Amino acid sequence: MAEKKRFLIVGGGAGGAILANSLVKDFDVTVINDSPYHYYWPQLLQIAFRNDYSNLYRSLSSLLVKGVNLVIDRVKKVDLQDRIVTLSNNKTMNYDYVAIAPGVTIEHKGIDGNEKLVEQYGDFHSTPQNASKVFDVVSNMKKGTFVIAVGDPYHRCPPSPYEGVLLADEVFRLRGVRNDINMILAVPYPRAYPAETFNEVLEPILKERGINIMTFFTADKIDTENKKITSLEGEELSYDAAIVVPVHKGPKIEIKPDEAINQDGFINADKFTNQILKYDDAFAIGDASTSANAKTGVTAHLQAKVVSKRVLGLDARNTGRTNCPTELGFEKGTFVISDYNHPAAKVPANTINFIMKRLFADAYWDIIRHPEFWDPIFDVYFENTQPEVLWKLFR
């Protein structure tokens, strides 16, 4: 029997873990992760606005199937030319194939003053501790101006600022203080949501809930002493409490050759195949890759399936499919569903979509652990919710 080829996976998030579990029968698979835990990052929103930690993390070892090797260490360098991965202790590992999927690096200091602002009010993109600060704010604020501003349009989970402001609105209403709080959503786009078609679904809901929308506002500098946010466009916004979506950068890993990464540290990979440059043995998937048209777990999942098929000789390609469940408060939800050839469909807000998002969160861990069971289910779901199908249903 031929010896299995070595497949190293840098990162044990959604993409990395699903890829490992999908390949273990055909390859000698090793996952390298800098933490023994796998985090479900959408749960930060639930911590921030519901104080719900239930689905936050599991041990990574419990999510990887038998036969997958797990190394808990930080990767310092990946040399694509020589097929060498270097760990924090300078130990090296060789590979036949590599997939780089370590996620993003959050840089609060990328916006002047945001480090101090996060210390005061938290955020829902970085850590559970910072999300908990947000919950303290929305649980105790009684009056004034509450701002959520976007400082990085390429942040993880595109609908998250909108979910945040609508869930905050829900908390304020349930506490009976909403009439005394001015809520502002400040975004860099010409409309509330960048995709015009989905904006037609979302903006009326924001306006109905009395949320003021400030467009063409890219948060650039924060004066925490005078409680003012200045935009790249030169406008100024005063606040009593504020959360700014932080700058997202690529992973802190040295990748050779230099042209394998862009100026922000993201890995240059083909959007259809996830292949890094000319290397047919190296792939980048998930948030760390330029091939991720949306920084979401679903994108990483779908890219992992494409890579797993390609290394087995199939001509699989990404379609650019997005499938972002979007919670709107008061048990309503919608989905941002698009692909490379179709803008986001106008999926109406309803309770069924809210329930679907919650069911997915509960099933998430089993989806990671048993892709062979869930793949046929997702194939049917994605086939029947193609953007072109939804465009015919919801015009």
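None of the values given here were measured: they were computed from a predicted structure.
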Task: Test item: T86 and V75 side chains (from C-beta on) under 4.5 Å apart, heavy atoms - done: no
TODO: Answer with yes or no whether the hydrophobic clustering places L19 together with I367; edges join I, L, V, M, F, W, Y residues whose side-chain heavy atoms lie under 4.5 Å apart.
DONE: no
- [ ] Compare every heavy atom of R74 with every heavy atom of D34, then report the nearest pair and how far apart it is.
- [x] CB-CA, 4.2 Å
Task: Residue pair A345 / L390: nearest heavy atoms and the distance that separates them - done: CB-CB, 3.7 Å
Open item on the list: Within the supplied structure, the quantity of interest is the number of heavy atoms (other residues, nucleotides, ligands) at a distance under 6.0 Å from E225 CD; does it exceed 12?
Closed with: no
Task: Residues in ring-ring contact (aromatic ring centres under 6.0 Å, His included) contact with W374, at least two apart in sequence or another chain - done: none
Open item on the list: Determine whether W365 and H38 satisfy the following criterion, ring pair (Phe, Tyr, Trp, His ring centres under 6.0 Å), listing intermediate values before the conclusion.
Closed with: CA-CA 10 Å; W365 308 107; H38 174 113; 5.7 Å; yes
Task: ring pair (Phe, Tyr, Trp, His ring centres under 6.0 Å) between F330 and F354, intermediate numbers included - done: CA-CA 9 Å; F330 296 102; F354 166 79; over 10 Å; no
Task: For F283, all residues meeting ring-ring contact (aromatic ring centres under 6.0 Å, His included), sequence neighbours excluded - done: none
Open item on the list: ring pair (Phe, Tyr, Trp, His ring centres under 6.0 Å), that's the test. Do Y154 and F266 meet it? Break it down for me.
Closed with: CA-CA 11 Å; Y154 303 106; F266 293 101; 8.4 Å; no
- [ ] Keeping to residues at least two apart or across chains, list the ring pair (Phe, Tyr, Trp, His ring centres under 6.0 Å) pairs with something in residues 183-211.
- [x] Y162-Y193, Y193-F198
Task: Distance-minimising heavy-atom pair for A269 and T290 - done: N-OG1, 3.0 Å
Task: Smallest separation among heavy atoms of D73 and I32, with atom names - done: O-CG2, 3.8 Å
Task: Sub-4.5 Å side-chain heavy-atom contact between R83 and D96 - done: yes
Open item on the list: Counting only heavy atoms not in F382 (residues, nucleotides, ligands), do more than 12 fall under 6.0 Å from its CZ?
Closed with: yes
Open item on the list: Are there over 12 heavy-atom neighbours, none belonging to I352, within less than 6.0 Å of that residue's CD1?
Closed with: no
Open item on the list: I'd like to know if R209 and D169 make a salt bridge, using a cut-off of under 4.0 Å between side-chain N and carboxylate O.
Closed with: yes
- [ ] Considering non-hydrogen atoms only, spot the tightest contact between I285 and G16 and give its length.
- [x] CD1-N, 4.3 Å
Open item on the list: Could you list the cluster mates of W391? Members are the ILVMFWY residues connected by side-chain heavy atoms closer than 4.5 Å, either directly or through other members.
Closed with: none
TODO: Tell me whether I184 is reachable from V244 by hopping between hydrophobic residues (I, L, V, M, F, W, Y) whose side-chain heavy atoms are closer than 4.5 Å.
DONE: yes
Task: salt bridge (Lys or Arg N to Asp or Glu O under 4.0 Å) pairs, two or more places apart, involving residues 334-358 - done: E163-K357, E200-K346, E327-K357, E327-R358
- [ ] Assign the ring pair F378 / H301 to parallel, tilted or perpendicular, where the plane angle (0 to 90°) is split at 30° and 60°.
- [x] perpendicular
Task: Within 6.0 Å of NZ in K5, more than 12 heavy atoms from elsewhere - done: no
- [ ] Could you tell me which non-hydrogen atom of A20 sits nearest to which non-hydrogen atom of L64, and how far apart they are?
- [x] CB-CD2, 4.3 Å
Open item on the list: For the residue pair N130 / T127, report whether a side-chain donor-acceptor contact shorter than 3.5 Å exists.
Closed with: yes
Task: Verify same cluster id: V31, V85 (apolar side-chain graph, 4.5 Å) - done: no
TODO: Working to the nearest 0.5 Å, report the span between CD of Q386 and CD1 of I337.
DONE: 11.0 Å
Open item on the list: Looking only at the side chains, is there a donor atom on one of K76 and N90 sitting less than 3.5 Å from an acceptor on the other?
Closed with: yes
- [ ] Kindly assign one of parallel, tilted or perpendicular to the pair Y39 and Y57, based on the angle between their ring planes and the thresholds 30° and 60°.
- [x] tilted
Distance-only donor-acceptor hits, side chain of residues 100-118, under 3.5 Å, sequence neighbours excluded:
residue: T105; atom: OG1; partner: G250; partner atom: O; Å: 2.9
residue: E107; atom: OE2; partner: K252; partner atom: NZ; Å: 2.8
residue: H108; atom: NE2; partner: D123; partner atom: OD2; Å: 2.7

Task: Geometric class of the F7/Y97 ring pair [parallel <30°, tilted 30-60°, perpendicular >60°] - done: parallel
Open item on the list: Side-chain heavy atoms nearer than 4.5 Å, only ILVMFWY residues, links allowed to pass through others: does that put V336 and L185 together?
Closed with: yes
